[in-house]
Amino acid sequence: MTLSHLELFQRYMHAGPITRSATAYANLFTEDGVYEAPLEGLRLAGRDAIERGIGAVQERPAPQGAMNPGASRFTLHDTADPDVFVTEIDAVYDGPDGSTTVSLVQIFRRSGDSVRELRDYFGP
């Protein structure tokens with residue numbers, strides 16, 4: 001049985017922002033998957049490149065602090081294409097100076113239970 005959009009997104013959140021596991025994150029993608037953050041000028045093509053690139057980012061401490069999953073919110077939008085869904089996220093990070101909210105939009109293109117392409121739009 002194929003994962004629902006919500007189940008795939010939950011796996012993404014657990015692998016990336018919550019546990020910060022570059023290997024688990026990269027394993028969500030097809031072998032030739034692509035991760036893009038266009039506003040940051042970042043494009044990683046292929047599972048190995050995604051693992052290295054995301055791993056390098058995750059080695060740095062999150063500037064906003066630790067993600068607070070309980071305070072963060074998201075809305076998932078299905079599209080006319082069954083392989084595409086969009087998420088709007090307000091991620092809350094708790095730091096020494098209080099909480100910070102980072103808003104972003106992500107466009108997922110899937111292939112079965114894997115991510116074929118992810119476009120991640122966020123700002124500083």
Side-chain angles (χ1 to χ4, degrees):
M1 174 161 250
T2 301
L3 295 173
S4 70
H5 291 162
L6 177 60
E7 290 167 327
L8 184 57
F9 177 70
Q10 288 170 328
R11 286 185 180 190
Y12 159 80
M13 289 298 293
H14 187 265
I18 295 173
T19 64
R20 296 174 57 91
S21 170
T23 300
Y25 187 90
N27 285 336
L28 292 172
F29 285 79
T30 60
E31 190 64 39
D32 62 347
V34 176
Y35 169 85
E36 290 183 273
L39 300 178
E40 299 294 310
L42 180 62
R43 184 176 194 279
L44 304 170
R47 193 180 289 152
D48 291 338
I50 293 168
E51 183 172 0
R52 283 190 309 276
I54 295 300
V57 169
Q58 291 175 341
E59 285 177 5
R60 300 180 296 216
Q64 304 91 348
M67 184 181 178
N68 181 336
S72 298
R73 300 284 177 256
F74 73 92
T75 303
L76 190 144
H77 302 278
D78 291 320
T79 68
D81 183 335
D83 291 332
V84 177
F85 63 97
V86 177
T87 59
E88 296 177 81
I89 304 169
D90 289 316
V92 177
Y93 293 87
D94 295 331
D97 298 326
S99 294
T100 301
T101 301
V102 176
S103 297
L104 54 147
V105 171
Q106 297 173 316
I107 302 169
F108 288 80
R109 293 182 191 281
R110 65 185 297 161
S111 179
D113 286 342
S114 298
V115 177
R116 188 177 72 231
E117 182 179 317
L118 172 57
R119 288 194 180 140
D120 199 353
Y121 292 93
F122 59 93

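Only a predicted model underlies this, so the values are computations on that prediction, with no experimental measurement involved.
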**OP:** For side-chain hydrogen bond (donor to acceptor under 3.5 Å, both in side chains), just list the numbers for Glu88 and Thr75, CA-CA rounded to whole Å, side-chain angles, deciding distance to a tenth of an Å, and then say yes or no.
**Re:** CA-CA 5 Å; Glu88 296 177 81; Thr75 303; 4.8 Å; no
Subject >> Check: Ala24 main-chain N/O paired with Ser21 side-chain donor or acceptor under 3.5 Å >> reply: yes
Original post:
Can you find a heavy atom in the side chain of Ser114 that is under 4.5 Å from one in the side chain of Phe29?
Top reply: no
Original post:
Would you say the side-chain atoms of Ser99 pair up with the backbone N or O of Val92, donor to acceptor, closer than 3.5 Å?
Top reply: no
**OP:** Supply the atom-to-atom distance Arg20 CZ to His14 NE2, rounded to the nearest 0.5 angstrom.
**Re:** 14.0 Å
Original post:
How many angstroms lie between atom CG of Leu76 and atom CZ of Phe85, to the nearest 0.5 angstrom?
Top reply: 5.5 Å
Original post:
Going through the distances and angles, do Val34 and Glu36 end up as a side-chain contact (heavy atoms from CB on, under 4.5 Å)?
Top reply: CA-CA 6 Å; Val34 176; Glu36 290 183 273; 3.7 Å; yes
**OP:** Assess whether side-chain contact (heavy atoms from CB on, under 4.5 Å) is satisfied between Arg47 and Asn27, documenting all intermediate values.
**Re:** CA-CA 7 Å; Arg47 193 180 289 152; Asn27 285 336; 3.6 Å; yes
**OP:** Determine the minimum heavy-atom distance between Phe108 and Val115, stating which atoms define it.
**Re:** CD2-CG2, 4.1 Å
Original post:
Has the side chain of Thr87 got a donor or acceptor atom that lies under 3.5 Å from a matching backbone atom of Ile89?
Top reply: no
Subject >> For Leu104 against Phe122, the heavy-atom pair lying closest together >> reply: CB-CB, 3.6 Å
Subject >> Shortest non-hydrogen separation from Ser4 to Glu7 and the atoms involved >> reply: N-OE1, 2.8 Å
Original post:
With side chains defined as the heavy atoms from C-beta onward, is the minimum distance between Ile107 and Tyr121 less than 4.5 Å?
Top reply: yes
Original post:
Considering all heavy atoms of both residues, which atom of Glu51 and which atom of Ala22 are nearest to each other, and what is their separation?
Top reply: O-CB, 3.6 Å
Original post:
Are any non-hydrogen side-chain atoms of Asn68 and Tyr93 less than 4.5 angstrom apart?
Top reply: no
**OP:** May I have the step-by-step check of side-chain contact (heavy atoms from CB on, under 4.5 Å) for Phe74 and Met13, ending in yes or no?
**Re:** CA-CA 11 Å; Phe74 73 92; Met13 289 298 293; over 6 Å; no
Original post:
What are the two closest non-hydrogen atoms of Thr30 and Arg116, and how far apart are they?
Top reply: OG1-CA, 3.9 Å
Original post:
Short question: side chain of Glu40, backbone of Ala37 - any donor-acceptor pair under 3.5 Å?
Top reply: no
Original post:
After noting the C-alpha distance and the side-chain angles of Ile50 and Tyr25, does the key distance pass the side-chain contact (heavy atoms from CB on, under 4.5 Å) rule?
Top reply: CA-CA 8 Å; Ile50 293 168; Tyr25 187 90; 3.9 Å; yes
Subject >> Polar side-chain atom of Asp113 near backbone of Leu3 as donor-acceptor pair, under 3.5 Å >> reply: yes
**OP:** Using atom types as modelled and distance alone, determine if a side-chain donor or acceptor of His5 lies under 3.5 Å from a backbone N or O of Val86.
**Re:** no
